[in-house]
Amino acid sequence: MAQVFDRSSNALARASLVLTGLIVIALGVALNSLQRSPWVTKQGQRPDQPVPFSHKHHVEGLGLQCQYCHVSVEKSSYAGIPPTKTCMNCHSQIWTDAQLLEPVRQSWATGKSINWIRVHDLPDYVYFNHEIHVNKGIGCASCHGRVDEMPLMYQENTLQMEWCLNCHRNPAVNLRPASEVYNMAWAGPSTDKPVWCTTTGKGGPTAQGVSCVTKDPGNQNPELAQLTKPEAPAASQSGTNLQPHPLTGEGQTVSDMPQIAIPAGYQKFTSQMDLGRYLTAQYHIRSANELSSCEVCHR
C-alpha cells in the first residue's frame, strides 16, 4: 500500500507544533508588554488641561503646600480639586490679565467649574483612601512623584495592581514621619542624616503617637519632624505658613495638630528599612497578608 504522506510530513508536523507554541508565547509576551505600556497605564503622559497649571512654579517657586489646594487630603478618601475661588485668592490680585488664566476668570464670572482632566484616574472598582495613607505616613511623592519638579502634571507611576501590592506587601519601604508626608525631597534616614524617633504615649491620631527629630536630641533645640501647630501670625502677615520649603526643608510644618512636648528615650535610625519597621509597629499598620487581601481595595 502506498504512503499517503511523505516522510517529511513528520518533521513538518513537529515544526508546526513548535511554531504554534512560539506564536502563543510571543503573543502572551506582546499582550503583557502592551498592558504595562504607557499607552494603557497613561504613565508619563501629560494631558492638555484647560489651564497649564505648573506645580513646579507654585510648590517649588512659591512654596505652596499641598493642603492649600487639596484641602480634604487628610480628612477624606478624596484629596479634592480646588474650587476656582482658591485660584482667585491670588489671581484676583496678580496676573489679572494673563491670557492663560482666562478660563479661570470665566469660571469665576459664570460660576461654572473648570473641566480639569484627571491625571491619576483609578478604575471605578478600585477603592483608594487618601486619608488613611497620609495619616499613616505615606508621602505624596511616594505615589505622585516629585510634583514640585513637574511644570505640567503627569502620572509618575503605573497605578496598576502590581504596583500597589508591592507597597502593601512591604509598606516599611515608604513610611516616613508624619510631618515629612508633604516634604517632596524626603529621602529617608542615612548614616549621614539619621532620624531619631520615640513614642509620646498619647492616643488619638497616629501622628500624635510618635515624635521624630532630625537632629541629635541630646543637643538643644532638636528639629522636630512632627506635625506642630504654628504660633499665631503677626497682624501684618496674611495667608498660611507654608513651610518647610520642598527643596531646602527649612521652616515649620503646619497642621491643625497641637504641639506636643519632646519626650525622652529616642531611638536612632540610619536606614529607611529600620525606620519603616519601627513606624509600622507604632502606626499600627496591618500585616502584609491583611493589606494584600482583596477587600482592602475592592469593596
Side-chain angles (χ1 to χ4, degrees), residues 42-74 79-96 98-101 103-104 114 116-120 130 133-134 137-157 159 174-190 192-193 195 212 214-215 223-228 230 233 237-256 272:
K42 310 300 182 183
Q43 184 180 14
Q45 297 185 14
R46 296 174 172 84
D48 292 330
Q49 301 285 5
V51 180
F53 180 85
S54 172
H55 279 83
K56 179 180 175 67
H57 170 68
H58 289 82
V59 178
E60 179 185 276
L62 302 178
L64 292 184
Q65 204 167 9
C66 305
Q67 307 100 302
Y68 181 75
C69 295
H70 305 289
V71 295
S72 60
V73 68
E74 294 179 348
I81 296 176
T84 304
K85 182 181 183 300
T86 302
C87 305
M88 294 301 292
N89 286 341
C90 295
H91 291 296
S92 61
Q93 306 295 325
I94 59 175
W95 298 90
T96 55
Q99 185 61 35
L100 288 176
L101 299 178
V104 177
I114 300 173
W116 298 102
I117 299 175
R118 193 167 184 173
V119 176
H120 298 83
H130 273 89
H133 287 80
V134 169
I138 298 296
C140 302
S142 296
C143 297
H144 298 292
R146 291 295 301 271
V147 175
D148 60 314
E149 296 178 348
M150 297 181 185
L152 295 176
M153 188 67 185
Y154 62 89
Q155 182 179 306
E156 172 79 10
N157 297 293
L159 304 187
N174 293 307
L175 292 181
R176 59 179 72 183
S179 72
E180 302 298 334
V181 164
Y182 303 106
N183 182 2
M184 295 292 171
W186 169 261
S190 63
D192 297 331
K193 296 181 179 180
V195 173
C212 295
T214 54
K215 292 183 180 179
E223 181 182 341
L224 276 179
Q226 175 66 33
L227 293 173
T228 57
Q237 294 178 337
S238 62
T240 306
N241 183 357
L242 298 175
Q243 297 295 331
H245 192 278
L247 292 183
T248 64
E250 298 177 352
Q252 184 181 35
T253 300
V254 176
S255 174
D256 294 332
Q272 174 59 40

Item to check | ring-ring contact (aromatic ring centres under 6.0 Å, His included) partners for H57, two or more places apart | outcome: none
Smallest separation among heavy atoms of [X] and [Y], with atom names:
X	Y	answer
L175	Q272	O-NE2, 2.6 Å
L152	F53	CD2-O, 4.0 Å
S142	N157	O-ND2, 3.7 Å
E180	R176	O-NH1, 2.7 Å
W186	P177	CZ2-CD, 3.6 Å
M184	C140	CE-CB, 3.8 Å

Partners meeting side chain to side chain contact (heavy atoms under 4.5 Å, CB included) with [X] (sequence neighbours left out):
X	result
Q45	P38, K42
H133	F128, I138, H168
H91	H58, I94, W95, L101
T84	M88, V104, S107, W108, I114

Backbone of [Y] reached by a side-chain donor or acceptor of [X] within 3.5 Å:
X	Y	answer
Q43	E156	yes
T214	V195	no
E60	V147	no

Next on the checklist: Parallel, tilted or perpendicular, judged at 30° and 60°: which one describes the rings of H70 and H55?
Outcome noted: parallel
Item to check | Close side-chain approach of N89 and Y68, heavy atoms under 4.5 Å | outcome: yes
Item to check | From CG (N183) to CG (D148), nearest 0.5 Å | outcome: 9.0 Å
Checklist outcome for this item: Rounding to 0.5 Å, atoms CE (M150) and NZ (K56) come to a distance of 11.5 Å
Item to check | Worked verdict on M153 versus H120 for side chain to side chain contact (heavy atoms under 4.5 Å, CB included) | outcome: CA-CA 10 Å; M153 188 67 185; H120 298 83; 3.2 Å; yes
Item to check | Derivation of the side chain to side chain contact (heavy atoms under 4.5 Å, CB included) call for V119 and Q49 | outcome: CA-CA 10 Å; V119 176; Q49 301 285 5; 3.8 Å; yes
Item to check | Sequence-distant partners of K193, salt bridge (charged side-chain N to carboxylate O under 4.0 Å, His left out), two or more places apart | outcome: none
